[in-house]
Amino acid sequence: MSVWSVFTQQCCSCSFFFFLQETITKAMNTSAMTNYSPRWHSLPWFLILFFLSTTFSVISVSSSASQDIYYEHCSSTVAGSHPYQVPLSKLPLPRTHNGYYTGGDKLHNQNSDSYYPPFSNSISLSTRAVHETGISGLFKVELSLTVGVSNIYYQDRRRRNSVTFKLQGYWSEPKGNLCAVGTGSTYSKEDYLLKLSALLKLSDLTKSTNITSLISGTLQSLSSDNEDSYFEPISMLLFPQMNYQYTYVSDYSKHAFPGGIDHLPKGLPLGSLPTQTFCSIVSRRINQFNLKYSGGCVSAKNCSNPLDESIGYMPTIMSLSEIKCSEDKERMRVLVEFANGSYIDYYRHFSPIMTLVGEGSWDGTKNQLCIVACRFMGMAQSFSDARLGDCSTMLTLRFPEVWSIRGASRIVGQIWSKKTVNESGYFDKIMFQSDSNRGGAVESTAKYEYSKIDIARKSCSNPSKTKGKIYPDAFSNEMRIDMSVKNSKGEVGWGYSVPISVGNQLYQYSSSVESEEPANFSSSGPVNISYHIGITVNSMISPFNASSTPYERVEIIAEGLYDAETGSLCMVGCKTLDSNDHAPTNDSLDCKILVKIKFPPTNKRNAGRIKGSIESTRIRSDHLYFEVLDFSAYAYYTDEAANWRMDAEIIMVLISTTLSCVFVGLQLFHVKRNSHVLPFTSLVMLSILTLGYMIPLVLNFEALFLRNSRGRSIFFDSGGWIEANEVIVRMVGMVAFLFQFRLLHRTWSARRGDGNQKALWIAEKRVLFVVLPLCAAGALAAVIANWGNNENDVVMDTYSLRSTNPRSLWGDLKSYAGLVLDGFLLPQILLNLFWNSRERALSCGFYMGNTLVRLLPHAYDLYRAHNYFHLYDGSYIYANPGADFYSTAWDVAIPLGGLVFALIIYLQQKFGGRFFFPRRFRELEGYEKVPVVSDA
């Protein structure tokens with residue numbers, strides 16, 4: 001059958017070649033009969049025939065070779081068959097299978113002198129196409145296998161961190177076996193591209209799966225072990241996606257999960273979550289939780305381990321990541337990963353002994369997520385031998401309705417074993433809570449309960465009020481602090497402080513939008529406030545002496561009073577106590593901590609630094625006592641800085657618009673003295689400039705400035721300065737538009753008034769035929785780039801998703817329109833070229849001045865990028881990113897391009913429109929020039 005298949009393909013290719021040759025010969029003969037042309041005009045037809053013949057021959061030979069390789073290595077696994085040509089529209093296989101692998105060292109170790117950071121040993125199998133065959137249940141498949149490898153650095157250049165194989169083979173649905181061959185590429189030690197040949201074999205790829213199902217397989221190199229392209233065999237496990245049947249979390253088993261006992265607070269319903277969706281529970285990139293062991297667990301030796309006790313330590317953190325989620329059924333599959341440290345790396349290395357696989361469902365009666373997890377087993381040799389079993393680990397997860405100083409985590413839960421105390425693998429109940437609330441939206445209906453306000457009021461003095469000074473509002477972004485910490489010896493650590501709640505409202509964290517102040521909130525006098533404080537110090541100099549790791553991380557929840565009239569913040573804090581062996585317990589808190597912070601005024605140009613301290617109120621002989629820690633942070637008040645910047649930008653807008661009026665006036669004066677040059681000015685160029693002045697006037701000018709509530713508050717806080725200048729800018733812009741429109745009208749009248757300008761109209765049409773496709777192609781490129789950027793902004797991990805706000809297509813098109821304005825001289829260059837004109841149609845002040853006006857915003861953007869480090873907040877007036885392309889690359893490329901265009905105009909007006917052509921081509925005319933009769 002294989003020989004017949006190859007013979008058929010080759011015959012079909014030959015028939016196609018004969019047909020193609022006959023068609024091209026007829027076309028050549030027809031062309032020869034209708035138009036006389038030199039002999040070399042037929043050369044392109046022969047080149048096309050040769051190219052297509054060679055291409056199809058290579059494809060045919062390559063297909064034949066691929067078939068031979070498949071039958072050599074896969075015939076005993078999955079016997080092939082002749083596939084149908086048209087692929088199936090509905091794939092019988094899922095689009096993607098994700099998993100992990102081990103082995104394949106040479107794929108990510110090509111250069112022994114390079115530095116290799118930790119990498120994720122993830123693997124992803126994508127289905128590109130599926131074809132039916134003449135045998136029922138046998139399919140030809142086209143696959144893409146992406147293997148995550150370490151970042152390879154060669155001569156300080158970073159290489160990609162994945163290798164992708166393109167594979168073709170067959171899948172037997174009844175047996176669940178798949179075999180495929182294909183190629184990929186990577187870099188060698190000498191930094192040249194290596195082509196890799198590989199053989200993929202998978203088993204247990206069946207259409208009915210459950211929690212204990214795994215797809216296992218191998219990827220082997222088809223090169224000999226003495227070749228550079230050889231790599232060690234890879235064993236892999238993939239999580240099945242087809243027809244998954246939830247078994248352990250079905251409706252009848254929900255009673256096996258405990259309710260509101262064992263100190264778990266009451267949970268919020270799904271409708272109270274920010275996204276109000278079930279799958280959003282673990283949709284974050286990393287959902288990290290701190291483990292809190294029972295009070296009797298004072299060291300790792302007498303704590304029951306939720307993992308295999310042979311690992312020798314107690315895990316301190318846990319994470320959940322999504323495998324698959326069903327929103328309508330409120331079911332999900334997750335990976336439960338444990339680690340020993342302070343954080344879980346995004347590109348973490350998968351370890352089966354530290355990982356469980358679970359399935360979960362939402363219990364609406366108790367408002368909690370219930371998960372049953374199973375352990376990996378039988379993986380002593382390779383991942384291809386893996387299986388899942390021992391599904392005795394249980395988890396529940398809730399979103400607390402009430403937060404307090406003893407617990408202010410967005411998510412809390414517990415993990416325990418269904419086994420009895422005497423059974424192997426039993427462990428005590430372990431509580432867990434989300435890592436911190438430093439970022440992200442919080443539940444709108446959650447509340448914070450204050451319990452230490454009276455103690456804070458008694459512990460702090462009331463500083464005197466100072467007239468004329470304004471301090472940060474309690475809901476402002478300035479209440480978030482990134483700080484440096486030091487003790488009496490000057491030894492330094494670092495940390496952050498983020499509000500949890502202000503009054504009765506939880507603080508909403510956002511990098512660009514401030515937390516909204518309630519309508520009934522009173523800002524006069526001290527207000528209740530709570531904070532989450534995180535500190536990282538070197539464990540060798542740590543005042544807490546509670547960690548065996550190089551760096552110790554301390555978490556403090558504090559609550560107290562903030563006075564916006566004096567800028568003083570005083571709070572009582574509670575810190576979790578850890579045991580000596582780094583097994584944190586659930587019921588140990590030190591609440592004898594006093595935190596003081598002093599904010600500088602916001603209405604001073606040099607705001608100074610935020611200063612504060614963290615001290616223990618215990619006696620010095622107490623073993624929990626620690627010395628005072630002082631911290632400070634630079635007070636960068638963004639609203640004040642934005643006002644200063646906007647003052648300068650509004651002045652630059654006024655200057656630029658006024659200069660535009662002057663330069664257009666110079667051109668009007670120029671054409672008045674030299675009226676004979678008017679017809680030689682490009683109407684396309686003048687139309688572009690006129691539209692550039694008209695559109696901002698037609699559109700809502702205020703809407704261009706006030707893009708969001710933050711920008712609106714800046715305008716209203718400016719004391720009327722910006723509002724007054726807005727009117728001036730509009731008036732000057734109107735004058736510039738009228739001048740430009742007058743220039744366009746005069747040029748049009750001069751061209752229309754003289755009937756001898758037909759040749760110039762033809763040249764102008766040629767300019768339009770060149771400029772319009774260029775603009776359309778650029779707009780299409782902007783649309784494609786917008787789609788591509790939005791795709792790239794969604795960063796896919798193996799089982800989790802991190803997304804950023806999508807870019808606005810309309811915004812990208814507006815930026816592209818600004819780029820068209822930057823190149824306004826291009827139509828004039830083309831008109832001079834087609835007409836071969838050396839008329840001084842444009843005055844130097846017009847083309848050089850307008851070029852500088854268009855280029856100065858890019859120079860300013862470079863300065864602004866190095867002097868204002870906060871993110872774009874919609875308050876930019878001059879060099880607005882919504883009106884042109886602004887970045888370091890664009891800020892260099894656009895000015896260079898504009899100056900080159902201006903130089904070309906100067907040389908064309910001096911030496912002729914085709915001055916850069918060889919001399920024999922300069923006088924070629926496409927139409928006859930007609931002398932221009934001056935009106936003078």
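Predicted, not measured: the structure shown is a model, and the values here were computed from it.
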Looking at side-chain heavy atoms only, is the closest gap between [X] and [Y] below 4.5 Å?
X	Y	answer
F289	L397	yes
T355	L335	yes
V282	M332	yes
M377	L388	no
V334	I371	yes
I281	W362	yes
L167	L145	yes
Y101	T218	no

Donor-acceptor contact present, side-chain [X] to main-chain [Y], <3.5 Å:
X	Y	answer
T127	L143	no
E232	G103	no
R331	S326	no
H97	L238	no
Y170	S81	yes
E337	M318	no
S213	T209	no
T133	P83	no
Y248	I211	no
S235	F383	yes

Checking side-chain contact (heavy atoms from CB on, under 4.5 Å) for the pair L222/I69: CA distance, chi angles, key distance, verdict? CA-CA 10 Å; L222 295 180; I69 294 174; 3.9 Å; yes
Where [X] and [Y] come nearest, the two heavy atoms and their spacing:
X	Y	value
K201	C179	CG-SG, 3.9 Å
M242	T206	CE-O, 2.7 Å
F376	P352	CD1-O, 3.7 Å
D363	C370	CB-SG, 4.0 Å
L291	P315	CD1-O, 3.4 Å
P240	R333	O-NH1, 2.6 Å

side-chain contact (heavy atoms from CB on, under 4.5 Å) partner of T164, chosen from S144, S185, S126: S144
Would you mind telling me which of I123, T186, N121 makes a side-chain contact (heavy atoms from CB on, under 4.5 Å) with V147? I123
Close aromatic pair by centroid cut-off 6.0 Å: Y244 and Y246: yes
Run the side-chain contact (heavy atoms from CB on, under 4.5 Å) test on L307 and I353 for me, step by step, so that the C-alpha distance in whole Å, both residues' side-chain angles and the decisive distance to 0.1 Å come before the verdict. CA-CA 7 Å; L307 302 173; I353 63 172; over 6 Å; no
Go through the steps to decide whether L202 and S216 satisfy the test side-chain contact (heavy atoms from CB on, under 4.5 Å), and finish with yes or no. CA-CA 6 Å; L202 297 178; S216 58; over 6 Å; no
Separation of [Y] [atom2] from [X] [atom1] (nearest 0.5 Å):
X	Y	atom1	atom2	value
L395	L320	CG	CG	7.0 Å
L125	R95	CG	CZ	12.5 Å
N243	Q245	CG	CD	6.5 Å
I135	E173	CD1	CD	13.5 Å
S221	E227	OG	CD	7.5 Å
T183	K195	OG1	NZ	5.0 Å

Looking at K419 and D390, is any side-chain nitrogen of the basic one under 4.0 Å from a carboxylate oxygen of the acidic one? yes
Does the side chain of N98 come under 3.5 Å of the side chain of S124 through a donor N or O and an acceptor N or O? yes
For the residue pair S223 / S229, report whether a side-chain donor-acceptor contact shorter than 3.5 Å exists. yes
Relative to the ring of F239, is the ring of Y100 parallel (under 30°), tilted (30 to 60°) or perpendicular (over 60°)? perpendicular
Evaluate the criterion side-chain contact (heavy atoms from CB on, under 4.5 Å) for residue pair R128 and K166; output intermediate values, then yes/no. CA-CA 9 Å; R128 295 188 290 131; K166 302 296 184 182; 4.1 Å; yes
Output all residues satisfying side chain to side chain contact (heavy atoms under 4.5 Å, CB included) with P92, sequence neighbours left out; order by chain, then residue number. L88, V130, F139, W171
